[in-house]
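Step one of this worksheet: look at the structure below.
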Amino acid sequence: MSAVRLRGFGWRHAGRRRWAVRGVDLAVEAGERVLLLGPSGAGKSTLLGALAGLLPLDSGEREGSVEIDGLDPRTARERVGVVFQDPESQLVMARCGDDVAFGLENRGVPTEAIWPRVDTALRRVGFPYHRDRPTAALSGGEQQRLALAGALALRPSLLLLDEPTANLDPAGADLVRRAVTDALDADTTLILVEHRIADALPLVDRVVVLEPGGGVRADGPPEAVFAAHGDALDADGVWVPGRTTPPRHATTPAGQVLLAADRLGLPPRLAPTDLAVRAGEALAVLGPNGAGKSTLALLLGGLLRPGTGRVSATAALAGKAARTPPHRWPAPALARRIGSVFQDPEHQFVTGTVFEELALGPRRTGQPEPTVRATVDALLERLRLASLAAANPYTLSGGEARRLSVATALATAPRLLICDEPTFGQDRRTWRELVDLFADLRDDGHGVVTVTHDADFVAALADRTVNLRRP
């Protein structure tokens with residue numbers, strides 16, 4: 001059993017003016033199931049990090065106190081299981097079974113009990129491979145299931161979940177939610193962060209809403225919170241159940257082909273695939289975890305050499321360079337023609353501030369400095385990152401990091417944009433802004449390719465879909 005107490009809690013990352021979270025007073029009793037809500041950047045992930053004992057005092061400034069069963073979280077870690085937004089950051093071993101066993105070994109679980117617990121945890125989350133599967137061979141969604149299995153295997157009395165189904169296909173997300181339900185004992189405490197509320201509600205009995213400026217805005221049973229605060233929460237970007245979003249489909253036919261894939265594949269990650277990407281069209285790539293969607297995005301973006309088949313650009317995209325496959329284009333030329341947004345935003349950050357991250361691409365493509373600054377300022381305003389211009393990209397929330405990764409791809413004004421899970425970690429307001437941004441690009445004649453499990457996003461934006469199957 002684990003009870004949680006926060007009194008006046010606040011945290012400010014080193015080098016940041018703005019507090020990530022502040023003034024939080026919260027009590028969670030043992031066995032409660034809490035859904036933690038708030039707009040992107042309200043401090044939800046930071047609060048979970050504090051409860052997990054993962055905010056070193058030399059990495060920022062803390063106010064107030066945090067306790068788990070009266071203990072500092074750093075001394076109560078054995079009671080806590082956690083799955084964060086980026087599952088890859090939690091994987092430490094080369095084989096999947098060893099990764100789940102790692103925490104059990106560290107906690108001194110008898111050897112004869114380890115592997116039965118590993119196999120049970122993998123089965124509960126619907127993990128599709130044997131325990132000998134290399135962790136490096138997993139898709140993002142499969143990594144998410146493995147990280148959850150590692151947390152469940154520990155049988156924690158406090159389980160912290162930060163967007164645990166964000167990278168999963170619908171069937172996998174349902175498996176994970178059922179796994180969480182089945183794995184929780186009556187006295188296990190759950191604190192869950194999810195932007196898509198409707199699917200999460202069956203898991204919880206209480207909703208806590210963080211105020212972006214500090215403190216707790218609302219706290220109580222889900223029905224009471226949404227009845228009293230639904231309109232205000234919707235206006236602030238919280239995904240209130242039952243609210244709809246109008247679609248932004250193309251009003252004119254798609255234009256000329258920009259890029260074509262002919263029997264394109266990379267065994268064993270992607271089976272041979274044919275498709276065409278057109279100007280003035282939003283194409284959504286769908287399919288289960290492990291079908292090779294992210295691999296396809298990297299191949300189309302010129303970031304991987306094809307194993308089979310080919311990627312061909314047309315003159316509409318590359319001019320005379322169309323005779324050369326994209327993976328052989330010089331980096332500045334590739335950035336001007338194709339913008340790529342990775343599944344993990346941090347994989348594409350290379351500078352120390354948000355401003356410099358956005359300026360990097362235009363500078364590499366030879367833009368004069370006044371043009372660079374104007375481009376960066378416009379993107380900062382459009383994606384609500386202006387207040388974070390001096391922040392280190394690695395201190396951003398998951399939603400902020402995703403918006404930055406999209407902005408970096410747009411900074412060189414490419415004719416084709418390829419995004420892998422672009423709406424991951426977004427509240428409703430920033431989700432809507434991304435839909436409008438991509439729709440505006442499409443309507444201006446750009447090609448937009450999105451790899452996604454977000455059915456609402458597909459319904460709102462996609463003009464055409466391609467469904468992949470497992471190799």
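In this text the structure is predicted, and so the values were computed from the model without any measurement.
Between the CG atom in L152 and the CG atom in L159 there is a gap of 6.0 Å [rounded to 0.5 Å]. Between atom CG of residue D98 and atom CH2 of residue W115 there is a gap of 4.5 Å, rounded to the nearest 0.5 Å. Rounded to the nearest 0.5 Å, atoms CG (L379) and CG (L410) are 6.0 Å apart. With values rounded to the nearest 0.5 angstrom, L404 atom CG is found 5.5 Å from L358 atom CG. The distance from atom CZ of F342 to atom CZ of F349, rounded to the nearest 0.5 Å, is 10.5 Å. Rounding to the nearest 0.5 angstrom, the gap separating the OG1 atom in T245 from the CG atom in L461 is 12.5 Å.
Just one residue in the list R16, H13, E400, R12 forms a side chain to side chain donor-acceptor pair (under 3.5 Å) with T395, and that residue is R16. Each of V466, T450, V448, T465 was compared with L283 under the side chain to side chain contact (heavy atoms under 4.5 Å, CB included) criterion, and only V466 meets it. Screening E142, Q144, H453 for a side chain to side chain donor-acceptor pair (under 3.5 Å) with N289, the sole residue that qualifies is H453.
The backbone N or O of V208 lies less than 3.5 Å from no partner atom in the side chain of D219, so there is not a single donor-acceptor pair. Between the side chain of R7 and the backbone N or O of S65, no donor-acceptor pair lies under 3.5 Å. Using a distance-only test at 3.5 Å, with no hydrogens or angles considered, no donor-acceptor pair links the side chain of Y129 to the main chain of L138. A donor-acceptor pair under 3.5 Å is formed between the side chain of D454 and the backbone N or O of D456. Under a 3.5 Å cut-off, the side chain of W239 and the backbone N or O of Q426 do form a donor-acceptor pair. Under a 3.5 Å cut-off, the side chain of Q90 and the backbone N or O of F84 do form a donor-acceptor pair. Remark: the backbone N or O of A3 is paired with a side-chain donor or acceptor of D69 at under 3.5 angstrom. Without hydrogens or angle criteria, T189 side chain to G31 main chain gives a donor-acceptor distance under 3.5 Å. Proximity of a side-chain donor or acceptor of S405 to a complementary backbone N or O of V341 within less than 3.5 Å is not detected. Panel note: side chain Q343, backbone D420; no donor-acceptor pair is recorded below 3.5 Å.
Here the side chains of S89 and E346 are not in contact, with every heavy-atom distance at 4.5 Å or above. Inter-residue side-chain proximity for F226 and L201 is flagged as met; some heavy-atom pair is nearer than 4.5 Å. Put simply, the side chain of P73 does not reach to within 4.5 Å of the side chain of V80, judged on heavy atoms. In this structure the side chain of E88 never reaches within 4.5 angstrom of the side chain of T135, judged on heavy atoms. Within the 4.5 Å cutoff, the side chain of L383 has heavy atoms near those of the L434 side chain. Put simply, the side chain of L210 reaches to within 4.5 Å of the side chain of V24, judged on heavy atoms. Counting heavy atoms from C-beta outward, L233 and V225 have side chains that approach closer than 4.5 Å. Counting heavy atoms from C-beta on, the side chains of L148 and V180 come closer than 4.5 Å.
Between C419 and F438, the closest heavy-atom pair is SG-CZ, 3.8 Å. For L104 against V118, the heavy-atom pair with the smallest separation is CD1-CG2, 4.1 Å. When all heavy atoms of I68 and A76 are compared, the closest pair comes out as CB-CB, 4.2 Å. Across A291 and L270, no two heavy atoms sit closer than the pair O-CD1, 3.8 Å. When all heavy atoms are compared, the tightest approach of V83 to A151 is CG2-CB, 3.8 Å. The two residues A121 and V100 make their nearest non-hydrogen contact at CB-CG1, 4.5 Å.
A donor-acceptor pair shorter than 3.5 Å cannot be found between the side chains of R17 and S387.
A salt bridge does not link D99 to R133: none of the charged nitrogens lies less than 4.0 Å from a carboxylate oxygen. Salt bridge absent: R402 and E163 never bring a charged side-chain N and a carboxylate O closer than 4.0 Å. Ion pairing of D436 with R432 is present here, as a side-chain N (NZ or NE/NH1/NH2) and a carboxylate O approach within less than 4.0 Å. For the pair E78 and R107, the salt-bridge criterion is not met [side-chain N within less than 4.0 Å of a carboxylate O].
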Check the pair T423 / H195 against side-chain contact (heavy atoms from CB on, under 4.5 Å), numbers first and verdict last. CA-CA 10 Å; T423 57; H195 276 101; over 6 Å; no

Take D174 and R178, measure what side-chain contact (heavy atoms from CB on, under 4.5 Å) needs, and give me the verdict at the end. CA-CA 6 Å; D174 185 59; R178 282 191 278 132; 3.1 Å; yes

Please lay out, stage by stage, how Q143 and D344 fare under the test side-chain contact (heavy atoms from CB on, under 4.5 Å). CA-CA 12 Å; Q143 291 173 354; D344 181 351; over 6 Å; no

Going through the distances and angles, do L396 and R403 end up as a side-chain contact (heavy atoms from CB on, under 4.5 Å)? CA-CA 10 Å; L396 303 182; R403 298 202 299 279; over 6 Å; no

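By the 6.0 Å contact criterion, CZ on R470 is enclosed, its count of non-hydrogen atoms from other residues, nucleotides or ligands being greater than 12.
Applying the salt bridge (Lys or Arg N to Asp or Glu O under 4.0 Å) definition to pairs two or more places apart or across chains, those involving residues 23-49 are R5-E29, E32-R206.
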